[in-house]
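This report refers to the structure that appears directly beneath it.
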Amino acid sequence: MNNELFINEKSEVAAISREMADLDLVSGSSGNVSMRILNQKSGYMAITPMGLPYSELQDKDIVVVDEELESIDDSGVPSSESLLHLGIYRSRPDVKAVIHTHSTFSSVAALTHDGIPPILDEMVIYIGGSIQVSEYAFPGSEELAKNVCKALGDKNAALISNHGAVSVGTNLREALNVSILMERIAKIYCYARMNNQMNPLPESAIEKERAIFEMKRKSKQSNGEY
Ligand SMILES: [Zn+2]
């Protein structure tokens, strides 16, 4: 095994995973983090391993896999949700990082069928609008990957039915920021529903904020970020 292979990517994934654990977005080894490996054959990604607690994760624990989910440097067994990460990279060329969490309020919101309507300004600007819930599928399955990609569409977050949430970004920091925002939105949504205080954003604001979301995406494209 060559321990020097993809050392920067492994280090980035391990650092964000520990941060995610410190933020209480996951517990134990639940949830997972990956980044697309650029300048390699399509489908290569660095991903957290199966079954190791995030708080203790080290750079060497991160697994690099090809499109068949084979470890390309004998670095270990990838996360059981690898098909979800792979499915998102295949369907969204703009995405460079994926974070799947089991955060508490997002998991509560994932018990609904209709997801979260646009209730906060930053939700439209950073996520792209309402947050959809995927149709139920068994954890780790190809069907789950397909259903989550459908719920995600062109947005930066989705809820996974009876399970948790997924966030994406052009880098790991952006994906983590979306995960934090997602959990905050879900918390506000749950409290608002309990108190029957649902008051969606005005259509005119959603339109303007969606234009900002699309402008930010275009500027990333023209800056070569994807
Ligand atoms: Zn999960």
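Keep in mind the model is a prediction, meaning the values are calculated, not measured. In each ligand, atom 1 is the first atom listed, and ligand 1 is the first ligand listed.
A donor-acceptor pair is defined here as one N or O able to donate and one able to accept, closer than 3.5 Å; such a pair exists between the side chain of Arg217 and the backbone of Asp154.
Around CD of Glu142, the count of heavy atoms belonging to other residues, nucleotides or ligands within 6.0 Å does not exceed 12.
Counting heavy atoms from C-beta outward, Lys150 and Gln132 have side chains that stay 4.5 Å or more apart.
Counting only protein atoms, the N, O or S atoms lying less than 2.8 Å from the Zn ion (ligand 1) are His100 NE2, His102 NE2, His163 NE2, ordered by chain and residue number.
Follow the hydrophobic side-chain contacts under 4.5 Å out from Met35 and you never reach Tyr44; the two are in separate clusters.
A side-chain hydrogen bond (donor to acceptor under 3.5 Å, both in side chains) with Ser106 is found for one member of His163, Arg184, Lys187, Glu183 and no other, namely Glu183.
Classified by interplanar angle (parallel below 30°, tilted 30° to 60°, perpendicular above 60°), the ring pair His100/His102 is perpendicular.
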